[in-house]
Amino acid sequence: MDLYQLFKTRTPIIGVVHLLPLPTSPRWGGSLKTVIDRAEQEATALASGGVDGIIVENFFDAPFTKNQVDPAVVSAMTVVVQRIQNLVTLPIGLNVLRNDAKSALAIASCVRAQFIRVNVLTGVMATDQGLIEGEAHQLLRYRRELGSDVKILADVLVKHARPLSSPNLTVAVKDTIERGLADAVILSGWATGSPPNIEDLELACGAANGTPVFIGSGANWENIGTLMQAADGVIVSSSLKRHGQIEQPIDPIRVSQFVEAAHRSWNSKGETKSISSVTIRS
């Protein structure tokens, strides 16, 4: 996976749009327009703040189904992503929680989004939704059938979960890439808002052997410089929200602060980073 070709930088910052509850979810509010309006505002804030990509998640649909989501969720997310694409020109990704990678790939392929995130691509994880089994074979075959080039970013030992067996991190990373054929891997802390430790990131990068490794949670403007010394990119959300609170919308000022801190840390190491040009459509 060529990060520069996709994100126009070798160290991409991917901001997350957490969608308000969607149809059929327990907290669905009855208005898709409200969901769309908030998503458009957040995507614009992320783009204006200088991120290199955006990933859209049905985050507030909790409690999640462990595998296939309702067709109404797929339909709603398709509409939302298209609306975001009308506003910003950044690469867009999808994460259909908890682990509906097939729906994410279908949406991404149809709307020409560039990547998806898959919580469990290989192995078996014990989660609050029960046991989730990776279905790499079905997903990769489906991608081939669609004639799609959507990239697969896969979590390794994903947050809010424990492996049924206890593979070490090196084995898990190698299996995800070599046997699951992930295009990139994601390493998180134990929960949303919790960062991975630097030692684990270094281990993961060593095991990945050139496949990109993303930080999947817990990055903020204070620790991003340290974390990015051992990673290729970052997916960030909680620290970009107003007051750093997950239920709040994206704060464009906090986005700018995070992006500036990341670029400062790269520049201080004497590295040349390409900041992607951002276009917001009227």
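Index from 1, following the sequence.
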Would you give me the side-chain donor-acceptor pairs under 3.5 Å for residues 198-206, sequence neighbours excluded?
from: D200; atom 1: OD2; to: N197; atom 2: ND2; distance (Å): 3.3

Exercise. Apply side-chain contact (heavy atoms from CB on, under 4.5 Å) to F115 and F7, showing your working.
Key: CA-CA 11 Å; F115 62 98; F7 295 104; 3.9 Å; yes
Roughly how far, to the nearest 0.5 Å, is [atom2] of [Y] from [atom1] of [X]?
{"X": "D61", "Y": "L22", "atom1": "CG", "atom2": "CG", "value": "4.5 Å"}
{"X": "I235", "Y": "L187", "atom1": "CD1", "atom2": "CG", "value": "11.0 Å"}
{"X": "L19", "Y": "L94", "atom1": "CG", "atom2": "CG", "value": "9.0 Å"}
{"X": "T122", "Y": "E178", "atom1": "OG1", "atom2": "CD", "value": "11.0 Å"}
{"X": "F64", "Y": "D128", "atom1": "CZ", "atom2": "CG", "value": "8.5 Å"}
{"X": "N67", "Y": "K102", "atom1": "CG", "atom2": "NZ", "value": "11.5 Å"}

Mind listing the closest non-hydrogen atom pair of [X] and [Y] along with its distance?
{"X": "P12", "Y": "D52", "value": "CA-OD2, 3.5 Å"}
{"X": "T24", "Y": "A72", "value": "CG2-CB, 4.1 Å"}
{"X": "V74", "Y": "S103", "value": "CG2-OG, 3.6 Å"}
{"X": "L146", "Y": "A106", "value": "CD1-CA, 4.4 Å"}
{"X": "S217", "Y": "S188", "value": "OG-CB, 3.3 Å"}
{"X": "I186", "Y": "G216", "value": "CG2-CA, 3.4 Å"}

Quiz item: Should we count CG of D2 as having more than 12 external heavy atoms under 6.0 Å?
Solution: yes
Quiz item: If you draw a 6.0 Å radius around CZ in R38, do more than 12 non-hydrogen atoms from other residues or ligands fall strictly inside?
Solution: yes
Salt bridge (charged side-chain N to carboxylate O under 4.0 Å, His left out) involving [X] - partner list, sequence neighbours excluded:
{"X": "R254", "result": "none"}
{"X": "D37", "result": "K33"}
{"X": "D155", "result": "R117"}

Validation row: [X], [Y] side chains within 4.5 angstrom (heavy atoms):
{"X": "V56", "Y": "N95", "value": "no"}
{"X": "V173", "Y": "T176", "value": "no"}
{"X": "S48", "Y": "T44", "value": "yes"}
{"X": "L97", "Y": "N119", "value": "yes"}
{"X": "V51", "Y": "I14", "value": "no"}
{"X": "F214", "Y": "P212", "value": "yes"}
{"X": "D251", "Y": "K241", "value": "no"}
{"X": "V234", "Y": "F258", "value": "yes"}

Quiz item: What's the verdict on side-chain contact (heavy atoms from CB on, under 4.5 Å) for R10 and D232, showing C-alpha distance, side-chain angles and the deciding distance?
Solution: CA-CA 7 Å; R10 302 194 190 285; D232 300 294; over 6 Å; no
Practice problem: Flag the pair K66 and D100 as a salt bridge only when some basic side-chain nitrogen lies within less than 4.0 angstrom of an acidic carboxylate oxygen. | Solution: no
Quiz item: What do the steps show when you test V158 against M125 for side-chain contact (heavy atoms from CB on, under 4.5 Å), and what is the final call?
Solution: CA-CA 8 Å; V158 68; M125 301 294 286; 4.2 Å; yes
Quiz item: If you group Ile, Leu, Val, Met, Phe, Trp and Tyr by side-chain heavy-atom gaps below 4.5 Å, do I13 and W221 land in one group?
Solution: no
Quiz item: side-chain contact (heavy atoms from CB on, under 4.5 Å) between I177 and L181: does it pass, once the steps are laid out?
Solution: CA-CA 5 Å; I177 295 168; L181 301 186; over 6 Å; no
Is it true that a side-chain atom of [X] and a backbone atom of [Y] form a donor plus acceptor pair closer than 3.5 Å?
{"X": "N99", "Y": "V120", "value": "yes"}
{"X": "E57", "Y": "V17", "value": "no"}
{"X": "S25", "Y": "P21", "value": "no"}
{"X": "Q114", "Y": "P91", "value": "no"}
{"X": "S109", "Y": "S148", "value": "no"}

Distance-only donor-acceptor pairs under 3.5 Å for side chains of residues 242-250, two or more places apart:
none

Output a table of donor-acceptor pairs, distance under 3.5 Å, between side-chain atoms of residues 130-143 and any protein atom two or more places apart or on a different chain; print 'none' if there are none.
from: R143; atom 1: NH1; to: V150; atom 2: O; distance (Å): 2.8
from: R143; atom 1: NH1; to: D183; atom 2: OD2; distance (Å): 2.9

Practice problem: Name the orientation class of the two ring planes belonging to F59 and H18 (parallel below 30°, tilted from 30 to 60°, perpendicular beyond 60°). | Solution: parallel
Quiz prompt | M1 and its side-chain contact (heavy atoms from CB on, under 4.5 Å) partner, picked from L153, T211, I152 | solution = L153
